[in-house]
Q: 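My structure is below; once you've seen it, I'll send some questions.
Just so we're clear, the structure is a prediction, and the values are computed from it rather than from any experiment.
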Amino acid sequence: MEEIYTALADAINIDDITSSKDNQDILRRLKENDTTLNSNSMRIISDINSSFGDINYLPTDGEDLEWLGIYLGGNNTLHELDIAFLKALPKQFYKGLDRNRSIRKLSLNYMDLLNGEVFQTLNQFFTSNHNLVEIDIHGSSLEGNGARLLSSALHGSGKQLNLKGVSISNCIISRGQSADIIKALSTHLHLERLQLANMSIGQIGCIALATLLQTNIELKTFRLVQNGIDDEGIEAIAFALASCDKLEELNLSNNPNITIKGWETLSSLLKVPDPNLEKLNRDSKIIDIDDVDESVTPSESEEAVNDKSSRSSLKKVYLSHNNIGDQEALPFANALIGNSCLEHLSFIDNRITCCGWEPFVTLLIERDTCSVNETYHSNHTLRNLNMSRNNAPYPYNKHIEPLLRLNSQDDKGQVAMDKILIKHSHFDMRPFFEWEFKVLPIMIKWFATAKTGRIAFKEKMDKMRLSSIYDFIKEFPMLYVEPMTRHEIEEYTVLEERLLEYQTKQVELAEIRKRKSHAMMRL
């Protein structure tokens, strides 16, 4: 039958093989290798209500699908194919698709996979289509031979293909067979996106995932939603995730079997060993002594906030619906001290109270209410801390949301300045007294920089600047008075020399000499 269709494909009038004008147009574009197809996705569906995207093919009978398979097999411009909400497709369709070499992403959604025979039929498609980089399978049955045949197809194509994205979710699968799929995926060494949802992967699956994670160094997105993972499973996965230095998104939502032990293990991924933290906690100084020279300015210290190194590459972590309470949330707040990478942390629909959110407020603005330095080194990166109103009393959200909005600014030096100005009305200058007046010009310049564009803080900053100068003068009166007095004497001497030239200005000369004498007495 396939040979007959193939022989007729070039000569047949497409208007004669399907009654749908839309389907005819799609077949014609496939036949003619319409180049606009390379920027579009095509979806084969059974119901117009399920349509979305650029091109929707609605077959009325098996013949429509057989012809579609033939033209897909000869096409070299289509990049994405999504088959959804269809029961058993004719094998002729899959045999035609098996010849395609242009499709980069194949999605099978809520499909009858013929007990896995689909993956056998598409053997050449998997092994010879070197453009294929993404496979999505959702809402389909992988029972019986389904998981085994899928594993075989993935394993057999590992050396030929470089899959970058795989998503398998909400599929019916026999117990223990998830591990076989994961092992097969381990042969694809360049995965960037991996989603395994509602597969009950179990302890064996977690161990298999650990192996996969340690060999896939390119992984950027990793989603393990609703898989019944427990503390032992998260320990195996977390250990392996530590080697994924490109991982940006981690989703472990709907795994309520994980306890505080497991969350403590996972939160350790976010910890950043910062060599400055020990020193900061010891002497609480906003400027290190090595920085106090003429070349150092506060703006350079601000750049340190932007450039703070971080071993964690994670930018988004989703932990929704996990029965996380105050104790379970605390390790994450502690782990984010010094982290300059994580931007999004989701705790939607957990059981965190106001007490549980308080450490996050402290994290975002300061850890010591008396120390400007601690405010300066608080977290300026976290932008989104998702929580529903059922999660915590809404009035408490107002303490966090303004800080998150502030953190959304790209210039972290400016964020640090704003937080200092919000939280503090006076700078404690005592930590800087050991450097005497060397640091005062740096502080004055910092105020000048901070004042730029901050009209709302103008009056407050003027007071803070004057109080800082006053602290230095009060602590070192002679260091301030002596230079000022010598300068005053020099000015009187100049005036005295000028007045000596005029015989008529003896009164003014006597007054200048009197003031000069009083100034010299102060020394």
Side-chain angles (χ1 to χ4, degrees), residues 133-135 151 154-155 158-159 161-168 178-197 199 201-225 227-253 255 258-275 277 307-319 322 331-332 334-346 381-382:
V133 294
E134 194 165 356
I135 297 174
S151 302
L154 292 171
H155 189 276
K159 296 181 180 179
L161 289 181
N162 287 316
L163 287 179
K164 294 184 178 181
V166 174
S167 177
I168 305 173
S178 297
D180 296 332
I181 296 175
I182 296 169
K183 291 176 183 177
L185 289 173
S186 297
T187 62
H188 299 269
L189 303 181
H190 300 285
L191 284 175
E192 296 179 2
R193 181 181 69 89
L194 178 59
Q195 173 172 289
L196 302 174
M199 290 179 61
I201 60 176
Q203 184 66 22
I204 297 177
C206 287
I207 295 173
L209 274 175
T211 301
L212 182 151
L213 294 170
Q214 288 174 324
T215 57
N216 283 268
I217 59 175
E218 304 294 329
L219 195 65
K220 295 180 180 179
T221 301
F222 186 40
R223 298 169 181 164
L224 279 179
V225 178
N227 277 293
I229 299 172
D230 56 15
D231 289 345
E232 293 182 357
I234 202 64
E235 182 177 356
I237 294 171
F239 178 79
L241 285 173
S243 62
C244 298
D245 56 6
K246 293 184 180 180
L247 186 66
E248 296 181 355
E249 178 183 329
L250 175 64
N251 193 331
L252 285 166
S253 298
N255 287 290
I258 302 173
T259 69
I260 187 171
K261 178 182 177 182
W263 296 128
E264 287 177 343
T265 300
L266 181 70
S267 66
S268 65
L269 293 173
L270 302 174
K271 289 183 179 179
V272 181
D274 190 338
L277 285 179
D307 297 335
K308 189 183 293 184
S309 62
S310 173
R311 290 186 183 180
S312 172
S313 59
L314 280 167
K315 294 183 178 180
K316 298 178 180 180
V317 174
Y318 298 88
L319 303 173
N322 272 321
F332 291 96
N334 292 335
L336 289 175
I337 297 173
N339 183 296
S340 60
C341 192
L342 190 72
E343 298 178 354
H344 184 108
L345 180 59
S346 176
T381 307
L382 189 63

Q: Taking N339 for its side chain and K271 for its backbone only, find out whether a donor-acceptor pair lies under 3.5 Å.
A: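 No: the side chain of N339 does not pair with the backbone of K271.
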Q: Within a strict 4.5 Å, meaning less than it, do heavy atoms of the F239 and T265 side chains meet?
A: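 A side-chain contact is absent here, since even the closest heavy-atom pair is not under 4.5 Å.
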Q: Can you name the nearest heavy-atom pair linking L224 to I229, along with the distance?
A: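 Taking L224 first and I229 second, the nearest heavy atoms are CD1-CD1, 3.8 Å.
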Q: How long is the gap from CD1 on I217 to CG on L189, to the nearest 0.5 Å?
A: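 Output value for this atom pair is 8.5 Å.
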Q: Does the N255 side chain pair with the main chain of L252, one donor and one acceptor, at a distance under 3.5 Å?
A: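 Answer holds: yes.
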Q: Look at the side chain of D180 and the backbone N and O of S178, then say whether any donor-acceptor pair between them is shorter than 3.5 Å.
A: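 Judged by distance alone, no pair lies under 3.5 Å.
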Q: Look at K261 together with E235 and state whether they make a salt bridge at an N to O cut-off of under 4.0 Å.
A: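 Judged by the 4.0 Å cut-off on N to carboxylate O distance, K261 and E235 do not form a salt bridge.
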Q: Roughly how far, to the nearest 0.5 Å, is CG of L196 from CD1 of I181?
A: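 The distance works out to 8.0 Å.
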Q: Are any non-hydrogen side-chain atoms of L250 and L266 less than 4.5 angstrom apart?
A: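 Counting from C-beta outward, L250 and L266 do come under 4.5 Å.
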Q: Rounded to the nearest 0.5 Å, how far does CD of E192 lie from CG of N162?
A: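 These two atoms lie 10.5 Å from each other.
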Q: As a test of understanding, state which of K246, R193, K164 forms a side-chain hydrogen bond (donor to acceptor under 3.5 Å, both in side chains) with E218.
A: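 Testing each of K246, R193, K164 against E218, the sole residue satisfying side-chain hydrogen bond (donor to acceptor under 3.5 Å, both in side chains) is K246.
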Q: At their closest point, which heavy atom of S243 faces which heavy atom of Q214, and how far apart are they?
A: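 Residues S243 and Q214, closest heavy atoms: OG-CA, 3.9 Å.
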Q: Under 4.5 Å between any side-chain heavy atoms of I168 and V166, yes or no?
A: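 When only atoms from C-beta onward are counted, V166 and I168 do touch, with a gap below 4.5 Å.
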Q: Got a second to check how far S346's OG is from L319's CG, nearest 0.5 Å?
A: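 If we round to the nearest 0.5 Å, S346:OG and L319:CG are 7.5 Å apart.
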Q: Closer than 3.5 angstrom, by distance alone: can the side chain of N334 be matched with the main-chain N or O of F332 as a donor-acceptor pair?
A: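 Between the backbone of F332 and the side chain of N334 there is no qualifying donor-acceptor contact (under 3.5 Å).
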Q: Hey, could you give me the OG/CD1 distance between S151 and I182, rounded to the nearest 0.5 Å?
A: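 If I round to the nearest 0.5 Å, the distance is 9.5 Å.
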Q: Taking 4.0 angstrom as the limit, do E249 and R223 come out as a salt bridge?
A: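 A salt bridge links E249 with R223.
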Q: Counting distance only, does the side-chain N/O of H188 pair as donor-acceptor with the main-chain N or O of L154 below 3.5 Å?
A: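 Flag set: sc H188 to bb L154 pair under 3.5 Å.
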Q: State, with a plain yes or no, whether a side-chain heavy atom of I258 is found less than 4.5 Å away from one of D231.
A: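 Sidechains of D231 and I258: in contact.
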Q: C206 and G233: which non-hydrogen atoms are nearest, and at how many Å?
A: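 What the structure gives for the nearest pair is SG-CA, 3.6 Å.
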Q: With side chains defined as the heavy atoms from C-beta onward, is the minimum distance between L163 and E134 less than 4.5 Å?
A: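 They are not in side-chain contact.
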Q: Kindly determine whether L342 and K315 satisfy side-chain contact (heavy atoms from CB on, under 4.5 Å), including the steps that lead there.
A: CA-CA 4 Å; L342 190 72; K315 294 183 178 180; 5.6 Å; no
Q: How close do S186 and T215 get, heavy atom to heavy atom, and via which atoms?
A: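 Of all heavy-atom pairs spanning S186 and T215, the closest is O-OG1, 4.1 Å.
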Q: With side-chain contact (heavy atoms from CB on, under 4.5 Å) as the test, would you mind laying out the steps for E343 and K316 before giving the verdict?
A: CA-CA 6 Å; E343 298 178 354; K316 298 178 180 180; 5.9 Å; no
Q: So L269 and L247, do their side chains get closer than 4.5 Å, heavy atoms only?
A: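 The answer is no, as the side chains (C-beta and beyond) never meet within the 4.5 Å cut-off.
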Q: Is there a side-chain contact between Y318 and H344 (heavy atoms, below 4.5 Å)?
A: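 Side chain of Y318 against side chain of H344, heavy atoms only: contact under 4.5 Å found.
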Q: Which atom pair, heavy atoms only, marks the closest approach of C244 to S313?
A: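 The answer is O-OG, 3.8 Å.
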Q: Taking all heavy atoms of L219 and all of L213, pick out the closest pair and write down the distance.
A: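 So the two residues come closest at CD2-CD2, 3.4 Å.
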Q: How long is the span from the CD1 atom in I207 to the NZ atom in K183, to the nearest 0.5 Å?
A: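 Output value for this atom pair is 9.5 Å.
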